[in-house]
Amino acid sequence: LLDLFWMPVVEPYAISEPFSTAGKINLNYQILPFTHIQRSTGIRAVLKSEQITALPNAAAADYKLSQGTRLEQDIRHPIRIEETLKQFRARFAEGGIFKSASEICDLHLIPQDANYPTSQLSGEPDAVDRAMRLYWRANALTGDNSRERPYANIYPRLTTKSNVFQVHFRAQAISKSALTDPETFEPGRDSVTAEHRGSTIVERYLDPNDPGLPDYRTAPDPFSVDNLDRFYRFRILSTRRIGR
């Protein structure tokens, strides 16, 4: 059901543009084909800001006392980010991807006090399921609303369809030798006469005033009209030169 709704940011003013995901973190952080690059900084930042509430069974006698809880330990725990991200890597290793931001709800957010062997938290679905089943069995006083709250906070910050891209480029003007293959560059015989390096931020967007946009609500057959992908446009937000 989450995939049927999109909540724009309207306070303190209408910040969000239609279908824009600017500022959101893409769940599919793995870069193909450069899988050796770990681009997980964004998703780590999202997880870092959340804490998980867990009420241990031992607190059943007094955690609702009017004087306040007498729990000796903290009931809010940071997320074990590295262990949680193993579930991401396990999916990527199988060639899978996240198709919707709501799929974050299918993953376990592993709390810092989940003191189970790392081998159990290996990212394999069955192993993680077993470990977290034991954890929540030991913290059965935790209400569903408290268990769901971290997901409710995280979900609006995620996407699987980015709209803003930063492209880094390096362009060179080459002087070819008459004695070398015109389709290849041979160092020592061919020479670079000029170079330009920089980066450009490109945004993919929809213009709500585009007269060509179909009215999907009134279309007799929604599948007979073009989908929104056909109406996306591109614009350059900024360009920066690197070096001289």
Side-chain angles (χ1 to χ4, degrees), residues 1-49 85 88 91-92 95-105 152-174 185 192-219 221-244:
L1 291 176
L2 284 174
D3 299 331
L4 301 178
F5 299 93
W6 176 75
M7 294 300 296
V9 179
V10 296
E11 294 291 346
Y13 57 90
I15 297 175
S16 302
E17 294 189 17
F19 290 90
S20 175
T21 60
K24 294 190 177 186
I25 302 300
N26 201 314
L27 279 172
N28 298 305
Y29 64 79
Q30 186 182 71
I31 306 175
L32 294 176
F34 310 106
T35 56
H36 62 285
I37 299 176
Q38 293 295 321
R39 190 184 58 168
S40 60
T41 303
I43 192 67
R44 288 174 183 272
V46 172
L47 298 176
K48 181 72 174 178
S49 64
L85 288 184
F88 287 70
R91 177 174 295 207
F92 297 150
I97 62 171
F98 294 97
K99 298 179 181 179
S100 167
S102 60
E103 289 185 77
I104 186 64
C105 301
N153 293 337
I154 289 173
Y155 169 72
R157 305 171 190 170
L158 302 176
T159 184
T160 55
K161 194 171 186 179
S162 298
N163 288 130
V164 181
F165 309 89
Q166 185 169 12
V167 182
H168 297 267
F169 59 85
R170 181 173 184 174
Q172 295 178 328
I174 298 173
F185 177 77
V192 177
T193 58
E195 180 178 271
H196 178 73
R197 291 188 297 164
S199 64
T200 296
I201 297 179
V202 181
E203 181 181 25
R204 180 182 61 177
Y205 71 100
L206 285 169
D207 181 2
N209 298 315
D210 186 346
L213 282 174
D215 188 343
Y216 298 98
R217 182 180 61 86
T218 59
D221 180 9
F223 297 100
S224 66
V225 295
D226 293 323
N227 61 39
L228 285 175
D229 289 345
R230 180 176 178 275
F231 300 97
Y232 274 101
R233 303 180 183 181
F234 293 87
R235 59 189 172 199
I236 296 177
L237 299 182
S238 67
T239 299
R240 185 169 68 96
R241 184 172 182 175
I242 301 175
R244 295 183 177 180

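Residue numbers count from 1 along this sequence. In what follows, every heavy atom counts, from backbone to side chain, and hydrogens, waters and symmetry copies are set aside.
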Practice problem: Would you please indicate if the ring centroids of Tyr205 and Phe234 are separated by under 6.0 Å? | Solution: no
Practice problem: Check whether more than 12 heavy atoms from other residues, nucleotides or ligands sit under 6.0 Å from atom CD1 of Ile236, and answer yes or no. | Solution: no
Quiz item: Hey, does the side chain of Asn28 reach the backbone of Ile97 with a donor-acceptor pair shorter than 3.5 angstrom?
Solution: no
Practice problem: Kindly compute the distance separating NZ (Lys24) from CZ (Arg157), expressed to the nearest 0.5 Å. | Solution: 11.5 Å
Quiz prompt | Straight-line distance of Arg230 CZ to Leu206 CG, nearest 0.5 Å | solution = 12.5 Å
Quiz prompt | Side chains of Ile104 and Leu27 in contact at under 4.5 Å (non-hydrogen atoms) | solution = yes
Exercise. For Phe169, check ring-ring contact (aromatic ring centres under 6.0 Å, His included) against everything at least two apart and list the hits.
Key: His196
Quiz item: Short question: side chain of Ser162, backbone of Val164 - any donor-acceptor pair under 3.5 Å?
Solution: no
Quiz item: Relative to the ring of Phe92, is the ring of Tyr29 parallel (under 30°), tilted (30 to 60°) or perpendicular (over 60°)?
Solution: perpendicular
Quiz prompt | For the student: nearest non-hydrogen atoms of Leu228 and Tyr216, plus distance | solution = N-OH, 3.4 Å
Practice problem: Look up atom OG in Ser49 and atom CG in Asn153, then write down how far apart they are to the nearest 0.5 Å. | Solution: 7.5 Å
Quiz item: Measuring from Arg44:CZ to Ile25:CD1, what's the distance to the nearest 0.5 Å?
Solution: 13.0 Å
Exercise. Could you tell me whether a side-chain N or O of Thr200 sits under 3.5 Å from a main-chain N or O of Val167, the two making a donor and an acceptor?
Key: no
Practice problem: Go through Arg233 and Glu203 one step at a time and tell me if the salt bridge (Lys or Arg N to Asp or Glu O under 4.0 Å) criterion holds. | Solution: CA-CA 8 Å; Arg233 303 180 183 181; Glu203 181 181 25; over 6 Å; no
Quiz item: Side-chain donor-acceptor pair under 3.5 Å between Asn163 and Ser20, yes or no?
Solution: no
Self-check item: Approximate separation, where rounding is to 0.5 Å, of Ile154 CD1 and Leu158 CG
Solution: 7.0 Å
Practice problem: For the residue pair Phe231 and Asp207, establish whether any side-chain heavy-atom pair is separated by less than 4.5 Å. | Solution: no
Practice problem: Answer yes or no: is there a donor N or O on one side and an acceptor on the other, between the side chain of Ser224 and the main chain of Asp221, under 3.5 Å? | Solution: yes
Quiz item: Are Phe165 and Ile201 close enough that some pair of their side-chain heavy atoms sits under 4.5 Å apart?
Solution: no
Practice problem: Look at the side chain of Thr160 and the backbone N and O of Lys99, then say whether any donor-acceptor pair between them is shorter than 3.5 Å. | Solution: yes
Quiz item: Minimum heavy-atom separation for His168 to Ser199, with atom names?
Solution: ND1-CB, 3.6 Å
Quiz item: Of the non-hydrogen atoms in Glu195 and Gln172, which two are nearest, and what is the gap between them?
Solution: OE1-NE2, 2.8 Å
Quiz prompt | Arg204: partners by salt bridge (Lys or Arg N to Asp or Glu O under 4.0 Å), with sequence neighbours left out | solution = none
Quiz item: Taking side chain as C-beta onward, heavy atoms only, is Tyr155 less than 4.5 Å from Cys105?
Solution: no
Quiz item: Taking only residues two or more places apart in sequence, or in another chain, which ones meet Lys161 in a salt bridge (Lys or Arg N to Asp or Glu O under 4.0 Å)?
Solution: Asp229
Quiz item: Roughly how far apart are Gln30 CD and Phe88 CZ, rounded to 0.5 Å?
Solution: 12.5 Å
